[in-house]
Structures are given as C-alpha cells and as structure tokens.
Student: 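Before anything else, here's the structure in question.
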Amino acid sequence: MALSGLDIYKLLPKTNCRECGFVTCLAFAMQLAKKAVSMDKCPYLSIEAKRTLAESSLPAIKLIAIGEGENKLEVGNETVMFRHEEKFHHPPGLGFIIEDNLDDSAIKKKLEKINQLKFERIGQELKVNLIAIRQNKDKNRFVEVVKLVAENTPLALVLMSEDLAAQEEALKLVGVRRPLIYHATQDNLADFAQLSKDRAVPLVVSAKELELLSTLTRELNNQAVTELVIDTGKKPIAEKIWDLTQIRRLALRKSQRSLGYPVLVIVDADDPYIETTEAATYISKYAGIVLIKGIEVERVMALLTLRQNIYSDPQKPLQIEPRVYPVGQVTNKSPVLVTTNFSLTYYTVLAEVEASKVPSYIVSVDTEGMSVLTAWAAEKFTPEKITDSINKFNVRERVAHNQLVIPGYVAVMSGDLEEKSGWEVVVGPKEAAGIPAFLKNLYL
Amino acid sequence: MELVLERWQQEVSIVTIGATKEEGGTRSYVVRVGGEKTLPFLFPEGEIPYPPVIAFEVWDIAPSDWSTELNKYYGDVFNDPLAWAEKCVKQYQAKILCIRLQGAHPDFGNKTSDEEAKLISQLLKKVSVPLIILGCGDDSKDNLILPACSQATKGERCLIGDAVQDNYKTLTASVLADGHNIIAESPIDVNIAKQLNILISDMGLPLERIVINPTIGALGYGLEYAYSIMERARLAALSGDKTVASPFICFVGQEAWRTKEAKVSGEQGLIWEVITATALIQAGADLLVMRHPVAIEKMNNYIKTLMGVSL
C-alpha cells in the first residue's frame, strides 16, 4: 500500500539537515510520496525505515510473467476493485486445456485451430494466451504431449501435473519457454518449490481455503519462491466470485502480501454455454488467468471482446488519429463521409463502408474520442470543427465533387455546416448498419 | 484470517411486477426484482433475495429488422402478437413478457391508442404472466398510447416505460393512478438516473415503484460504459443513496441483435446476447429483456448456478 507524505515523514530523521537537497524533511517526504525522488538521497535513514519504504513501493498484487518473447503474458499489478476507480491494468490470460489422453492428431488439429484464434477489433489485436497440458496418464505420455504441443504452438504453456518426475522431464524440454507450473499444494510444497526455483519458472499454488493459501505462499516466500499464481480450486460460481473478490480486497485494502498474486481459475464445465458464461464471469471479476476447454471461434471471440471491454481505460476512450482515410480504390468521384475519432464509431463506420464495396473517404474529426451524439452535445462535433478538419486534411484536393455525408443523428447541423464549409451536405443514415444501402443509392 | 466485509447502509428497493387475484389483478403469480443487500452474488456479505429475471420481448407488429436467426423461432407468430406471447409462455416457459408497442410509431403503422389498449386487454386474457409494456419511442405518440394501456391494465401492476428526463410527467401520472411501476431511462449517466428518480418520486410515485434503464450497449459496442455506470450507481445505492437504489432493467436483446456479429451468424448472435447479459448481471442487472429463446434458456441456467441451484 502506498504511504502518504505524512506517513513517510514519520520514518525520516526529522533533522532538516538539507543533505537530500530539500529544505525540510517534510518537503523530502512529500517528494518521496510522489516517487519524484529516491530515498537514497537521505544518508540517515534507518534500516527499518528503508525496508518499510521499499515494501510500500511494491505493487499490492505482484506482476507475474509467463512465457517468453512475443507471446509473454503478464498478469497482476492491479490497483482497484472497480474499473471506474482508475482502470484494470493487465487483461487476464485466456488459455485452453489439452488433455494428454487425446491422440496426437486430435491434439495437432486442436492446436491448429487455437493458433488461428486472433481477431482484430477497433484497431487492436485480440488473441488467446496459453495452452495448458493436463496429465491423465503416465509420465511418458505427458512429456510426449508437452513436446508435441510446444512444437505446434508459439503460445505460453501451463504444465498441469502433480507428478514431480513428469514435471522435471517436461521442464527439460520446455523450461526455457518459462511455462507456468500447476500446481503446488499443501502435500507437495517443498518439491514444487524446489522445482520452481531450480528452473526459474512461475508456480501455481492451490488451496481451497484462503487461510491455508496464504500460509502456503508465505512458506514459499521464505524459500525465495515468489513468482506465484494462486488458485482456490474447483468451486461453485458464486463461491469463486467470493474468493476472487476477497483476494482482491485483502491484497488492496489490507495490504495482505501473501494473497497479492494473480489468480488462476479453471473452468471445468462440460456444457459449452455454462463454460462460456462462467469464463465471462471470471474475466469480469478479477481473474488473472482463465483456463477453458472449448475452442469454438464464436465463444472465444465473445470472451476476448468482453476482456477488451472490461480492461479498456474508462478515462481514455480509444481514439484513432484524426485525418482522412481512403477506403478501397478511391477516385476523385468517391463519396466523403464525416465521423468522429472515437475508435468504436470509426471502426464501425469503416466496416460498413468496406462491406458496401463503394470506395469512399472517411474524414475522422478530432472529437477527443467521443461518439457522434456525445461529441455533438459536448460541442466537439460542430460545423466549425468539421469545416476545420476538412480544410486541414485538404479534402477538396482529393475529390472533384462537393458533397459531404454526415451522420443521420446530427442532421440538424446541415444548414449551418453548408454555410460554414461551402460543401453540400447529404444526411446519411443514423446507424452505421444503414451505410451500405445508403452508399449504393448515393449518386454524386 | 479476517475477511474484508463491507457494511452496506442500504439495500436495493424491491419492485413487484404483476398482481394476483387476491391483490386485485389477474396474474397467476408476481415477479419480484431487487432487494440486494450487497454487490452481485457476494452471498456471505448480504442477502440477495431475488434472482435476476429474463423477460421475452414481444412486438405488436411483425418486426422488420430482427435477425433471420430469430425468424426460426418466431417467424410463425410474428404477425400475431397474441400467438407470439402465448408461444413464449407455453413453449419457451417465459416467466414475464415485455410488450413493445412499436406499431404505434408514426413510421411503423401509427396504431391508435384504442388499438393498443385493446391489444393489451386481449393479451391479459391470453397469458397470465406479469407484463412489461413499452412505448414506441416517439414521445408524443407514447404520451397517448401508454396512458391508454395503463388504464386498460389498471390493477395489474405492470412495469411501463420508458420515462425520460424531458418526458416523464404523463407516464408517471398514469402509472400512479393505475397502480403500476415505471421504467426511468437515463443515457448512461448516474446523475441523470438519480435526477429522474427524484423528479418521478416528487410527483408522488414511491421510489419502490421505479426501475432504472441505464441504457446499455452490446458486447463490443460500449458495454463497458453501462457496466461501470451500473456499478457506480449500485455502490451509491448500497452506501445509502436511496434515490438510485432501484433495480436495473437492461434491453439486451435489442442491442445484441443489431451488432455486426449477430448479422454475420445466428450462433454468434446467440453467444453475443448471452455474454452481454452475463456481464450485465455481474454489474447488477435485475431484469433483462432478451430475444433468442435458447439464449434465454442458457441465461436461466446460468442464473440458477449463480444462485446455488444445481442443474
């Protein structure tokens, strides 16, 4: 938990010696609280004060990295209970469990499909993160499947086996990819701690009760194992929400470091809808990693879209650069459509213009990321602003006609806009969905 | 270990929809929503007396813009609102219906208030589930048809909407006179939601008869805005602000089925409706108006598992 300037002041020598470069200890404390200066500037800080300060600067929920390179997943380091308080920082990893009793060709086929699960949405790439291999048979089969999976996917790995020998063998093959090891429990703690330490791989710790979980992470910490992900096992959905909420509250509000780790949730439901709704619940409610089995593109796309929504920054709507965007093989006869620079609006319009197959120009006006109606109400999408944008982007030089299409919702500004811009205003549809039909019937 | 338990000051108000014979209506049961004493599904912290409820959406005219996927289920009854309503109840086990009087809109048939009131009266005879009645979205027309429908259902304790900030008086007066509940719609804005609740209750309608429509966007289409507005309003309610302590109604079906995803494939639309509803339930939705019968069935299963009922 971050300390206030006054909290820090109490830890300082209060001699106002000025050796730190500040006039008083209080002034120095205030700068420390803002993280504007290093505590090393004070030569008289006690060891205890140093430790307290160092701890207070650690994040309440540790950031854990799984995997390497381009497909590295980082989860944790969350700072709030609700996204409106600031934002959620690290979107939960979504992964798929592959059972090692499937035959090789089925596994390969599955991986091929999973590797294809990438979507573009409002200018961002949405992708899945993890493949978890779960042991059902003997050690050899597990290791064999780990090898097969590693060869066939670039995604980060989770090794799910309670068999220490199997884990050791598997880590010889894929240890360099920094897989997540599932899992240490009360019964195997010492062995799995050693494994995580020797191989420098992150480790899942599981216990049904938060009390025990907390004890286990403390013990692991004492053995210098700190790259942890925590898990409270299989439970009914409301109990899981309770665990996730309590872990987040305890870490943030009570500075309980022993629970300050990202949480793994395994959704083990056979019904595909139960699976998807449960996964959606945990994505919304504080999970750090969600593992599922179903790989159908419709479900995964919905889950990744939800993750994008929940983890978007509420203070900063996604925006695109305001400019003129040619869509398709434009000519000087192509229509010119005006919209905002709110990503959701722009990409929705873009998709419909593309679908219409009518090459067009889209002029994205700087509305500071507001949508059409909001921007209009806030006077960020006015005849003046639109005129400025059209002039600034030299739209006149691109086309030989004089018509400007505006969103149907701002039809009221037509007259004013015509007067200010000198363009002839054509009122387009209210909803982007109407664009294809509109463009096909538009004669310039 | 000491858990972190919130000591909330206040609960969400309980709104009762429908009236049985004993209560002066003709419904065979009532539906209650709200009453939460904590955030969604944190049972150890406070009581959650009523599960979220899904309403089936039924129109008074054949919808021109519904997905073809939905045709498969309602195509045979689109032209007969009474048969449509009956199908939802009998075949799909609808617990509550939401009738949208779209046909009254000047652009969609311009039905008169007499016609709509007559339809609603017939509907009361055809089905015995509680009703939600929605206008057509044209303010001046709604100010004619909704009072007529309110009167035609006097004593049935329907939920009628939507009242908006610059058009709430006519509807509030009717709802007050005829013993119904009201939907107060605000454009993704906690302050307007609060303001409108105050305006309506100032006219004499108790806060316990208001349901908030926070105006939602579908998954991928601004869902997160409503999600956070609902969380903020609910936190304020639990912390003691009586004026936003109303249950939420979310029009999930209409938003999910107009997305590009739903237009691309029926299966994608179904999932889109389900996940939109799931996220909103986690933000505190009490009443969700949906379209696809399979999506509704799946959501009812989800709600049961949330409430701890084994399937």
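Quick note on labels: first sequence line is chain A, next is B, and so on, each numbered from 1.
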Student: Is it the case that over 12 heavy atoms from other parts of the model lie below 6.0 angstrom from the CD atom of B:Glu2?
Tutor: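 12 or below, so no.
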Student: Determine whether more than 12 heavy atoms belonging to other residues, nucleotides or ligands lie under 6.0 Å from atom NZ of A:Lys118.
Tutor: no
Student: Heavy-atom pairs under 4.5 Å with chain A are the metric here; pick the option from B:Ile281, B:Leu235, B:Val274 that has the most.
Tutor: B:Leu235
Student: May I ask you to test the B:Thr305-A:Glu278 pair for a side-chain heavy-atom distance under 4.5 Å?
Tutor: no
Student: Taking NZ in A:Lys208 as the centre, count heavy atoms belonging to other residues, nucleotides or ligands within less than 6.0 Å. Is the count above 12?
Tutor: yes
Student: Is the closest side-chain heavy-atom distance between A:Lys254 and B:Val4 below 4.5 Å?
Tutor: yes
Student: Can you establish whether the number of heavy atoms outside A:Glu379 located under 6.0 Å from its atom CD is more than 12?
Tutor: no
Student: What part of A:Arg299 gets closer than 4.5 Å to chain B, counting heavy atoms only: side chain, backbone, both or neither?
Tutor: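 Backbone plus side chain of A:Arg299, per the 4.5 Å heavy-atom cut-off to chain B.
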Student: Which answer fits B:Leu306, side chain, backbone, both or neither, if we ask what part of it has an atom under 4.5 Å from a heavy atom of chain A?
Tutor: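 Both the backbone and the side chain of B:Leu306 come within 4.5 Å of chain A.
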Student: Measuring only between side-chain heavy atoms, which start at C-beta, is A:Phe82 closer than 4.5 Å to B:Leu39?
Tutor: yes
Student: State, to 0.1 Å, how close A:Arg121 and B:Gly220 come at their nearest heavy-atom pair, and which atoms those are.
Tutor: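 The pair with the smallest heavy-atom distance is NH2-O, 3.3 Å.
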Student: With no hydrogens and no angle check, is any side-chain donor or acceptor of A:Glu298 less than 3.5 Å from a backbone partner on B:Glu267?
Tutor: no
Student: Hey, does A:Glu239 have a side-chain heavy atom less than 4.5 Å from the side chain of B:Phe43?
Tutor: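 B:Phe43 vs A:Glu239: side chains apart.
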Student: So, for A:Lys285 and B:Gln282, which heavy atoms are closest and what is the spacing to 0.1 Å?
Tutor: NZ-O, 2.9 Å
Student: Which pairs with one or both residues in residues 254-282 of chain B pass ring-ring contact (aromatic ring centres under 6.0 Å, His included), sequence neighbours excluded?
Tutor: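 As it turns out, the ring-ring contact (aromatic ring centres under 6.0 Å, His included) pairs with a partner in residues 254-282 of chain B, which skip direct neighbours, are B:Trp257-B:His292.
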Student: Should the heavy atoms of other residues, nucleotides or ligands under 6.0 Å from CH2 of A:Trp376 be counted, would the total exceed 12?
Tutor: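 No, not enclosed.
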Student: Counting only non-hydrogen atoms closer than 4.5 Å, does A:Leu318 touch chain B with its backbone (N, CA, C, O), its side chain (CB onward), both, or neither?
Tutor: neither
Student: Check whether A:Phe342 gets within reach of chain B through its side chain, its backbone, both or neither, counting any heavy atom under 4.5 Å.
Tutor: side chain
Student: Heavy-atom pairs under 4.5 Å with chain B: which of A:Ser214, A:Ser371, A:Ser284 has the most?
Tutor: A:Ser284
Student: For residues 348-356 of chain A, which side-chain N or O atoms pair as donor and acceptor with protein atoms under 3.5 Å away, sequence neighbours left out?
Tutor:
unit_1   : atom_1 : unit_2   : atom_2 : d
A:Thr348 : OG1    : A:Leu344 : O      : 2.4
A:Ser356 : OG     : A:Val353 : O      : 2.6
A:Ser356 : OG     : A:Val358 : N      : 3.1

Student: Please list, chain by chain and in numerical order, all residues satisfying side chain to side chain contact (heavy atoms under 4.5 Å, CB included) with B:Ile229, sequence neighbours excluded.
Tutor: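 With sequence neighbours excluded, B:Ile229 shows a side chain to side chain contact (heavy atoms under 4.5 Å, CB included) to B:Ile188, B:Val190, B:Arg232, given in chain and number order.
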Student: Out of curiosity, B:Leu3 CG to A:Thr245 OG1, how far, rounded to the nearest 0.5 Å?
Tutor: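 Spacing of CG (B:Leu3) from OG1 (A:Thr245) equals 11.0 Å.
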Student: Are any non-hydrogen side-chain atoms of B:Met1 and A:Glu209 less than 4.5 angstrom apart?
Tutor: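 The answer is no, as the side chains (C-beta and beyond) never meet within the 4.5 Å cut-off.
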Student: Looking only at heavy atoms, what is the nearest atom pair of A:Arg249 and B:Leu5, with distance?
Tutor: NH1-CA, 4.2 Å
Student: Within residues 305-314 of chain A, which positions have a heavy-atom distance to chain B below 4.5 Å?
Tutor: A:Thr305, A:Leu306, A:Asn309, A:Ile310, A:Ser312
Student: Salt bridge check, B:Arg258 against A:Glu431: does any charged N sit closer than 4.0 Å to a carboxylate O?
Tutor: yes
Student: What part of B:Thr278 is in contact with chain A, defined as an atom under 4.5 angstrom from a non-hydrogen atom: side chain, backbone, both or neither?
Tutor: side chain
Student: Quick one: CD on B:Glu261 to CZ on A:Phe119, what's the gap to the nearest 0.5 Å?
Tutor: 10.5 Å
Student: Are more than 12 heavy atoms from other residues, nucleotides or ligands located less than 6.0 Å from atom CD of A:Gln186?
Tutor: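 12 or below, so no.
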Student: Can you tell if the side chain of A:Ile237 reaches within under 4.5 Å of the side chain of B:Tyr302, non-hydrogen atoms only?
Tutor: yes
Student: Measure across A:Ala302 and B:Leu219 and return the closest heavy-atom pair with its distance rounded to 0.1 Å.
Tutor: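 Scanning both residues completely, I find the closest heavy atoms to be O-CD2, 3.7 Å.
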Student: Less than 4.0 Å between a side-chain N and a carboxylate O, is that true for A:Arg253 and B:Glu6?
Tutor: yes
Student: Flag the pair B:Asn301 / A:Tyr273 as yes when at least one side-chain heavy-atom distance between them is below 4.5 Å, and no otherwise.
Tutor: no
Student: Select one option (side chain, backbone, both, neither) describing which atoms of A:Glu85 are under 4.5 Å from chain B's heavy atoms.
Tutor: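 Contact with chain B is absent: no heavy atom of A:Glu85 under 4.5 Å.
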Student: Taking the six-membered ring of B:Tyr225, is the NZ or CZ of A:Arg83 close enough (under 6.0 Å from the centre) and on axis enough (within 45°)?
Tutor: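 Judged by the rule (NZ or CZ under 6.0 Å from the ring centre, within 45° of its axis), A:Arg83 is not positioned above B:Tyr225.
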Student: Is chain B contacted by the side chain of A:Thr276, its backbone, both, or neither, given a heavy-atom distance below 4.5 Å?
Tutor: both
